[in-house]
Amino acid sequence: SFFAVFLLAPALNLLRFDLTETQLWVLGFRWSLGIDAFARGEATALQTAWAITWRGILPALTLVVGFLAVAYRFGRLYCGWLCPHFSLVETLNDLLHRATGRLSVWDTSPTPRPGRSADRRWWPVFLAACLVFGFVWAITLLTYLLPPAEVYGNLFSGSLTRNQFIFITAATVVLSLEFLFARHLFCRFVCAVGLFQSLAWMSNK
């Protein structure tokens, strides 16, 4: 369900940053720090400072403190239950296990599961899933930065701009390889969200 929210959030303006307008959207509303009003002379410096504090600094601090407080108490709760990347990790783990009996291409020995034996016919399904998820993820990431209607419209009409095509192609290749070879390594060593959750949890004796 959270992966579906991740895919639909830009199209529904739940969360995205529009580079064409330099505008942040949150829960369907334009989120502004009031700097533009100050530049137009419609707000004083004091009003602008208060707007930046109230609309920018305080929400960010609340989110970070709340997130780390949950991690301190429960560990990597976000990773296990809400992370859209980890939902794909679990899905791809299962497909690879059906094909090889292992949860990663780097595992040296199988991980037994009752009533299941390796079947090589699952290999094409696993590979196709890595490619499809990489493609879907690449498009979704682009819609967080550009208007979703423009991205999807250009995609379906076959009229992507040069930069859009390069971004989607490069991101699809990188993400597909990550899903194929390094999804566990990414979660353990690369993801900053997971790292800070681990640090908060380790501080809880």
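Using bins of under 30°, 30° to 60° and over 60° for the plane-to-plane angle, the ring pair F67/Y78 lands in the perpendicular bin. Using a 30° and 60° split on the angle between ring planes, Y152 and F156 fall in the parallel class, below 30°.
Closest non-hydrogen pair, D107 versus L103, comes out as OD2-N, 3.2 Å. Shortest non-hydrogen contact noted between A99 and A118 is O-CB, 3.7 Å. Looking at every heavy atom in both residues, C130 comes nearest to S176 through O-OG, 3.4 Å. Between A138 and A171 the shortest heavy-atom distance is CB-CB, 3.5 Å. Annotation for G134 and L175: closest pair O-CD1, 3.8 Å, computed over non-hydrogen atoms. Residues V125 and L95 come closest through the heavy atom pair CG1-CD2, 4.0 Å.
Put simply, V132 and W122 are part of the same group of oily side chains (I, L, V, M, F, W, Y) that touch within less than 4.5 Å, one to the next. Grouping the Ile, Leu, Val, Met, Phe, Trp and Tyr side chains by contacts below 4.5 angstrom, directly or via other members, places L180 with L92. Hydrophobic clustering keeps V26 apart from V64 (ILVMFWY residues linked when any side-chain heavy atoms are closer than 4.5 Å, directly or through intermediates). No continuous path of ILVMFWY side-chain contacts below 4.5 Å connects W201 to V70, so the two sit in separate hydrophobic clusters. Residues L96 and L177 share a hydrophobic cluster, clusters being chains of Ile/Leu/Val/Met/Phe/Trp/Tyr side chains in contact below 4.5 Å.
Side chains of H85 and C191 form no contact here, defined as non-hydrogen atoms less than 4.5 Å apart. Annotation: side chain of R183 is in contact with side chain of E178 (closest heavy-atom distance under 4.5 Å). The shortest distance between side-chain heavy atoms of L88 and W137 falls below 4.5 Å. Considering only heavy atoms from C-beta on, V190 stays 4.5 Å or farther from L195 through its side chain. Between T143 and R16 the shortest side-chain heavy-atom distance does not fall below 4.5 Å. With contacts defined as side-chain heavy-atom distances shorter than 4.5 Å, the pair L155/Q164 does not qualify.
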* Would you sort out whether L141 and F6 count as a side-chain contact (heavy atoms from CB on, under 4.5 Å), showing the intermediate values? => CA-CA 9 Å; L141 290 179; F6 168 74; 4.3 Å; yes
* Audit row: L14, L8, side-chain contact (heavy atoms from CB on, under 4.5 Å) steps and yes/no -> CA-CA 8 Å; L14 297 179; L8 296 174; 5.9 Å; no
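In this structure a side-chain-to-backbone donor-acceptor pair under 3.5 Å is present from W106 to F181.
Heavy-atom neighbours of R73 CZ from other residues, nucleotides or ligands within 6.0 Å: at or below the threshold of 12.
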